[in-house]
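Take a look at the structure below.
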Amino acid sequence: MNQPDRNAYDSPWKQAIEKFFPDFMVFFFPEIFKDIDWNKNHDFMDKDLEKITKDAKLGRRYADKLVKVWLKSGDLIWVLIHIEVQSSRESKFSERIYVYRHRIWEQYHVDVASLVILCDDEQNYRPNQYSKSIWGCELNFTFPVIKLLDFEENWIRLEESINPFAIVVMAQLKAKQISDGLQRKDWKFSLTKRLYEKKYSKQNVLELYSFIDWILALPDD
C-alpha cells in the first residue's frame with residue numbers, strides 16, 4: 001500500500017469523513033444527525049471550499065470539509081467541518097472559522113453550520129466563539145466543538161462501539177500519547193485486529209487501516 005504524503009494539508013481524516021460521513025455525524029453530533037434526511041444524497045463541496053478560502057491566510061488548514069446536506073424539514077444546508085490535529089493552540093482559529101463561514105454565505109447565500117473537532121493535547125484549549133464589538137455594533141458567532149481528549153475518560157465506550165470513528169478516535173489519541181515506535185507498532189496491530197473483530201467489510205477494513213497506519217506512523221509535533 002502506498003504511503004500517503006505526510007506533509008500534505010490533506011489527511012486521512014478527510015478520507016474517513018468522506019467514506020463514513022453518516023457515521024461521523026452520528027458519532028460526534030448525534031442531534032444534528034437526527035435532523036438530516038439521509039434518504040437524499042449529500043455532496044462534498046471541497047473544490048468550492050478551496051476556491052473560497054485559498055487567500056484566507058489565517059493559519060494552517062488541516063482537514064476542512066464542506067458538505068451539502070438536506071434536512072428532514074426539506075431545507076438545504078451546508079455543513080462546514082473543521083478538523084484540527086495539532087499540539088498547540090492557534091491564535092486566530094475562531095476567526096478562521098468565522099471567515100470561512102461568512103465567505104460561503106457571501107458566495108452562495110445558504111445556511112452554514114460550522115462543526116469543529118479538536119485533536120490537540122491541551123485540555124483547556126476549547127475555542128467555540130468569535131466576537132467583535134465597537135460602538136454598539138456587536139458580532140457573536142458560536143460553534144459546537146468536540147474535544148477528542150474527552151474520550152479518554154470513557155475508553156470502554158470506544159472499545160464497545162461499532163462506529164468506525166471509534167477506531168479513528170482511538171488511533172488519534174494513541175498517536176498523541178505515544179512516541180515510542182514499538183508501542184505505536186503494538187497499537188497499530190491491536191487496532192487493526194479490532195477491525196476484523198468488529199466484522200467490518202473488507203473495503204472498510206482497508207479504509208480504516210489506511211488511517212491507522214498513517215496516524216500512528218506520524219511523529220508527535
Side-chain angles (χ1 to χ4, degrees), residues 10-38 40 42-46 49 61-72 77-87 89-90 93-94 96-98 100-101 104 111-130 141-177 191 194-195 198 200 204 207-208 210-212 214-216:
D10 291 355
S11 80
W13 270 98
K14 280 186 146 183
Q15 282 73 44
I17 292 172
E18 190 155 342
K19 175 66 178 179
F20 305 106
F21 181 60
D23 296 298
F24 171 86
M25 293 299 296
V26 75
F27 188 81
F28 291 114
F29 304 99
E31 293 305 314
I32 299 176
F33 173 87
K34 294 176 184 178
D35 288 338
I36 296 175
D37 185 350
W38 296 104
K40 294 183 179 179
H42 53 272
D43 298 315
F44 288 90
M45 314 293 291
D46 290 5
L49 181 62
R61 267 193 357 215
Y62 198 92
D64 296 335
K65 297 290 290 183
L66 182 61
V67 194
K68 185 192 298 183
V69 301
W70 292 92
L71 303 184
K72 291 179 179 178
I77 191 168
W78 292 32
V79 179
L80 182 58
I81 300 168
H82 303 266
I83 308 295
E84 289 298 309
V85 188
Q86 56 189 35
S87 59
R89 66 180 62 215
E90 180 185 324
F93 176 73
S94 295
R96 174 158 62 91
I97 304 300
Y98 170 73
Y100 284 10
R101 181 191 183 280
I104 294 168
D111 288 332
V112 182
S114 296
L115 311 177
V116 172
I117 307 291
L118 293 176
C119 308
D120 63 280
D121 54 9
E122 193 171 345
Q123 186 64 247
N124 295 325
Y125 177 58
R126 297 170 184 264
N128 68 346
Q129 65 176 359
Y130 176 70
F141 170 60
T142 61
F143 47 88
V145 170
I146 299 296
K147 189 81 169 185
L148 292 197
L149 278 181
D150 294 340
F151 286 92
E152 289 182 341
E153 299 177 357
N154 200 356
W155 189 262
I156 293 178
R157 176 197 165 191
L158 296 177
E159 292 181 329
E160 293 177 346
S161 176
I162 61 172
N163 190 298
F165 275 90
I167 295 288
V168 168
V169 171
M170 293 167 79
Q172 184 67 65
L173 289 175
K174 289 304 175 183
K176 283 292 182 182
Q177 294 171 356
L191 292 175
R194 187 175 296 276
L195 299 178
K198 296 296 183 181
Y200 290 120
N204 287 350
E207 295 280 353
L208 290 167
S210 177
F211 182 94
I212 294 169
W214 191 90
I215 202 67
L216 283 173

Original post:
Can Trp78 and Asp43 be said to form a side chain to side chain contact (heavy atoms under 4.5 Å, CB included), step by step?
Top reply: CA-CA 9 Å; Trp78 292 32; Asp43 298 315; over 6 Å; no

Original post:
Got a sec, which pairs hit side chain to side chain donor-acceptor pair (under 3.5 Å) with one end in residues 16-32, sequence neighbours left out?
Top reply: Glu18-Lys65, Glu31-Lys34

Original post:
In Å, rounded to the nearest 0.5 Å, how long is the span from NZ of Lys14 to CG of Asp64?
Top reply: 7.0 Å

**OP:** Nearest 0.5 Å please: distance from the NZ atom of Lys176 over to the CD atom of Glu152.
**Re:** 11.5 Å

Original post:
Is a side-chain donor or acceptor of Ser94 paired with a backbone partner of Gln129 at a separation under 3.5 angstrom?
Top reply: yes

Subject >> Smallest separation among heavy atoms of Ala175 and Ile215, with atom names >> reply: CB-O, 3.5 Å

**OP:** For the pair Trp214 (side chain) and Trp13 (backbone), establish whether a donor and an acceptor sit closer than 3.5 Å, ignoring hydrogens and angles.
**Re:** no

Original post:
When the aromatic ring centroids of Phe143 and Tyr130 are compared, is their separation below 6.0 Å?
Top reply: no

Original post:
Mind checking whether Phe20 and Phe211 have ring centres under 6.0 Å apart?
Top reply: no

Subject >> Carboxylate-amine/guanidinium proximity below 4.0 Å for Asp120 and Arg126 >> reply: no

Original post:
Closest approach of Leu191 and Ile167, non-hydrogen atoms and distance?
Top reply: O-CD1, 4.4 Å

**OP:** Output all residues satisfying ring-ring contact (aromatic ring centres under 6.0 Å, His included) with Phe165, sequence neighbours left out; order by chain, then residue number.
**Re:** Phe24, Phe28

Original post:
Who are the side chain to side chain donor-acceptor pair (under 3.5 Å) partners of Glu153, not counting sequence neighbours?
Top reply: none

Subject >> Interatomic distance, Ile36 atom CD1 to Lys72 atom NZ [nearest 0.5 angstrom] >> reply: 9.5 Å

Original post:
Can we say Asp111 and Arg101 salt-bridge, meaning some charged N sits less than 4.0 Å from an Asp/Glu carboxylate O?
Top reply: no

**OP:** Can you measure from NE2 (His42) to CZ (Phe21) and round to the nearest 0.5 angstrom?
**Re:** 6.0 Å

**OP:** Would you sort out whether Leu115 and Ile32 count as a side chain to side chain contact (heavy atoms under 4.5 Å, CB included), showing the intermediate values?
**Re:** CA-CA 10 Å; Leu115 311 177; Ile32 299 176; 3.7 Å; yes

Original post:
If every non-hydrogen atom of Lys174 is compared with every non-hydrogen atom of Trp155, which pair is closest and at what distance?
Top reply: CE-CH2, 3.5 Å

Original post:
How close do Ile97 and Phe141 get, heavy atom to heavy atom, and via which atoms?
Top reply: CG2-CE2, 3.8 Å

Original post:
Do Tyr125 and Lys147 have side-chain heavy atoms sitting under 4.5 Å apart?
Top reply: yes

Subject >> Where Phe27 and Ser161 come nearest, the two heavy atoms and their spacing >> reply: CE1-OG, 4.2 Å

**OP:** Taking the side chain as every heavy atom from C-beta outward, state whether Val168 and Asn163 have any atom pair closer than 4.5 Å.
**Re:** no

**OP:** Please answer whether the main-chain N or O of Ile162 pairs with a side-chain N or O of Tyr200 as donor and acceptor at a distance below 3.5 Å.
**Re:** yes

Original post:
Roughly how far, to the nearest 0.5 Å, is the CD1 atom of Ile146 from the CD1 atom of Ile81?
Top reply: 11.5 Å

Original post:
Do Tyr100 and Tyr98 make the cut of ring centroids closer than 6.0 angstrom?
Top reply: no

**OP:** Quick one: do Ile212 and Leu195 satisfy side chain to side chain contact (heavy atoms under 4.5 Å, CB included)? Show the steps, please.
**Re:** CA-CA 10 Å; Ile212 294 169; Leu195 299 178; 4.0 Å; yes

Subject >> Nearest heavy atoms of Leu148 and Cys119, plus distance in Å >> reply: CD1-SG, 3.4 Å

Original post:
How far does CE of Met170 sit from CD of Glu159, to the nearest 0.5 angstrom?
Top reply: 5.0 Å

Original post:
Are side-chain heavy atoms of Val112 and Val79 found at a separation under 4.5 Å?
Top reply: no

